[in-house]
There are 2 protein chains.
Amino acid sequence: MVRVGLTTERLVRAGAELADEVGFDQVTVTALARRFDVKVASLYAHLKNSQDLRTRIALLALEELADEVADAIAGRAGRDALAAFAAAYRDYARRHPGRYAAARLRLDPETAAASAGVRHAQMTRAILRGYDIAEPDQTHAVRMLGSVFHGFVSLEAAGGFSHTPVDPQQSWDWIVDSMDAVLRGRTPQ
Amino acid sequence: MVRVGLTTERLVRAGAELADEVGFDQVTVTALARRFDVKVASLYAHLKNSQDLRTRIALLALEELADEVADAIAGRAGRDALAAFAAAYRDYARRHPGRYAAARLRLDPETAAASAGVRHAQMTRAILRGYDIAEPDQTHAVRMLGSVFHGFVSLEAAGGFSHTPVDPQQSWDWIVDSMDAVLRGRTPQ
DNA sequence: GTATTTGCCTCATAGTGTTAGGCAAATTAG
DNA sequence: CTAATTTGCCTAACACTATGAGGCAAATAC
């Protein structure tokens, strides 16, 4: 009996790849076991259960995404930062659709609080520094940005834009411009 | 052996209720059979399979939602219509979270083309008539509205706004105002 | 080299999805 | 109103996924 060398780490990473290939909700303990050519029950030494696997993939995705976004907005401000921020999300979602879906998994409060989700919130607020918007408008703006970008990306992934022959990239740019305009308009003169 | 009187119609309706109660992805042929106190295999006389059930629930949700939106925007124009349109979506999503999730199910092209999804697209464009936006900007605007509203509703449903003590309704109103402002700004003078 | 840990296995159980074929209830025909 | 037919729900059976218990051999510690 040769040991494959399973670890939680490797399983989660492979789970993330699987998610990108077949979709996050097709990620199954069984499929993962197949990928390592190992019996299903063997995975339970490294994972509590199926939900645990999914949660770990979600946390991985949140980390990766936060890293990429942080990288994208570093050294930028204002509209430039906004565009980079938006692009980072969309790019990640397109490169890693399964992981992106995983990142939207509902986490229980403690897990969420310890996750990279916190960094996401901070970074979104950082973007707004360039626009000088005070509370509570700042929270509204954070929610608006989160909504449009997430909404667009998720509609795009669901094929919602394939009925109209207009390049989604054009729409994306137009929307980023619009967001910039709104935020500038919300800045007190 | 007493017959319960199953029909595809009743099953789909019950499936929609089930979705609202336990979440769309917890909708299972087995759970549905339990609800009618009937053996699982009996449902297969009325449903092709599990996917068929889900698709039918999605179509039902799209119809209902389109009806409610149509009702809401009837006789309104401009910002008024926009606000009513937005509210109709959010209200439906909050009253029927499972159905709302179902409405986002990816349908195959022919099914989608024959669904109430078409009416949704038309109504969104109808909203924009009040703003006099020409193509391709109109498509961009349709996508933007779809993205923000869907994004907001889905983040709200996922509990994404519960970390901050700002009333989501305030954010929603603020966002609707922002959309109105953007669209007015995009109107050629 | 023996002792211990530990990784993967086999075995077992339960839930869900789906097909095939049977019998009785409902419906239609005469 | 009975007989013929349709049809609704059932049982049986199989495949796949999830999960737990306990075993044996490989890796590691002493």
Side-chain angles (χ1 to χ4, degrees), chain A residues 1-61 98-99 101-102 105-108 111, chain B residues 1-61 98-99 101-102 105-108 111:
Chain A
M1 185 174 30
V2 183
R3 296 196 183 185
V4 189
L6 299 182
T7 63
T8 304
E9 186 65 19
R10 286 188 65 197
L11 287 172
V12 172
R13 205 156 287 284
E17 283 163 25
L18 188 59
D20 288 335
E21 289 165 24
V22 302
F24 183 56
D25 30 51
Q26 309 303 319
V27 172
T28 177
V29 194
T30 304
L32 198 51
R34 255 197 296 275
R35 177 164 291 226
F36 282 94
D37 198 30
V38 139
K39 297 295 170 179
V40 191
S42 303
L43 301 199
Y44 285 80
H46 307 280
L47 301 170
K48 226 166 54 76
N49 53 36
S50 185
Q51 186 50 44
D52 182 39
L53 170 63
R54 303 163 82 69
T55 302
R56 286 174 187 276
I57 295 174
L59 294 175
L60 171 69
R99 286 152 141 104
L105 183 68
R106 186 174 198 154
L107 303 173
D108 55 293
T111 312
Chain B
M1 186 172 34
V2 183
R3 296 196 183 183
V4 189
L6 300 181
T7 64
T8 304
E9 185 64 20
R10 286 188 66 196
L11 286 173
V12 173
R13 206 156 288 283
E17 284 163 24
L18 188 60
D20 288 335
E21 290 165 25
V22 303
F24 183 56
D25 30 51
Q26 308 304 317
V27 172
T28 177
V29 196
T30 305
L32 198 52
R34 256 197 295 275
R35 176 164 291 227
F36 282 94
D37 198 30
V38 138
K39 297 296 171 179
V40 189
S42 304
L43 301 199
Y44 285 79
H46 308 278
L47 301 170
K48 226 164 55 73
N49 53 35
S50 185
Q51 186 50 42
D52 182 38
L53 170 63
R54 304 163 81 69
T55 302
R56 286 174 188 274
I57 295 174
L59 293 175
L60 171 70
R99 283 151 142 106
L105 184 69
R106 187 174 197 155
L107 303 172
D108 55 293
T111 312

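Residue numbers start from 1 in every chain, and the chains themselves are labelled A, B, ... in the order their sequence lines are given, proteins ahead of strands. Heavy atoms only: backbone and side chains are in, while hydrogens, waters and symmetry mates are out. These figures come from a predicted structure and were not determined experimentally.
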Have a look at the helix from C/dG1-D/dC30 to C/dG30-D/dC1 and give the angle its two end axes make, five pairs each, rounded to 10 degrees.
-> 10°

Using whole Å, report how far CD of A/Gln26 lies from C1' of D/dA18.
-> 16 Å

Would B/Val27 and B/Ile57 satisfy side-chain contact (heavy atoms from CB on, under 4.5 Å), going step by step from the backbone distance to the final call?
-> CA-CA 10 Å; B/Val27 172; B/Ile57 295 174; 3.9 Å; yes

All heavy atoms of A/Leu107 vs all of A/Ala58, minimum pair found to be CD2-CB, 4.3 Å

Taking atom C1' of D/dA26 as reference, at what distance in whole Å does atom CZ of A/Arg3 sit?
-> 4 Å

Neighbours of DNA chain D within residues 27-47 of chain B, by heavy-atom distance under 4.0 Å | B/Val38, B/Lys39, B/Ala41, B/Ser42, B/His46

Taken to the nearest 0.5 Å, the spacing of B/Leu53 CG from B/Asn49 CG works out to 9.0 Å

Name every residue in residues 13-24 of chain A that has at least one heavy atom under 4.0 Å from any atom of DNA chain D, in order of residue number, or write none if there are no such residues.
-> none

Here the distance between atom C1' of D/dC9 and atom CG of B/Leu11, to the nearest Å, is 12 Å

Establish, for the pair A/Arg99 and A/Phe24, whether the NZ or CZ atom is under 6.0 angstrom from the six-membered ring centre and no further than 45 degrees off its axis.
-> no

Gap between atoms CG and P, on A/Asn49 and D/dG20 respectively (whole Å) = 7 Å

Checking side-chain contact (heavy atoms from CB on, under 4.5 Å) for the pair B/Arg34/B/Val40: CA distance, chi angles, key distance, verdict?
-> CA-CA 8 Å; B/Arg34 256 197 295 275; B/Val40 189; over 6 Å; no

In short, side chain to side chain donor-acceptor pair (under 3.5 Å) pairs touching residues 5-18 of chain A with sequence neighbours left out are A/Glu9-A/Arg13

Considering only heavy atoms from C-beta outward, does the side chain of A/Leu11 approach that of A/Leu6 to under 4.5 Å?
-> yes

Just do the side-chain contact (heavy atoms from CB on, under 4.5 Å) check on A/Arg56 and A/Asp52 with the steps written out, would you?
-> CA-CA 6 Å; A/Arg56 286 174 187 276; A/Asp52 182 39; 3.2 Å; yes

Pairwise side-chain contact, B/Arg54 with B/Asp25, heavy-atom cut-off 4.5 Å (strictly under) | yes

Please list, pair by pair, any protein nitrogen or oxygen found under 3.5 Å from a nitrogen or oxygen in nucleotides 3-6 of chain D.
none

Heavy-atom closest pair (B/Ala33 atom, B/Leu43 atom, distance to 0.1 Å) is N-CD1, 3.8 Å

Name all residues meeting the side-chain contact (heavy atoms from CB on, under 4.5 Å) criterion together with A/Ala14; count only those two or more places apart in sequence or in a different chain, and write none if there are none.
-> A/Leu32, A/Arg35, A/Phe36

Roughly, in whole Å, what's the span from CG in B/Asp52 to C1' in C/dT16?
-> 17 Å

Consider only side-chain N and O atoms of B/Thr111 and B/Asp108, and report whether a donor and an acceptor are under 3.5 Å apart.
-> yes

Let me see the working for B/Gln51 and B/Leu105 under side-chain contact (heavy atoms from CB on, under 4.5 Å), right down to the final yes or no.
-> CA-CA 11 Å; B/Gln51 186 50 42; B/Leu105 184 69; 4.0 Å; yes

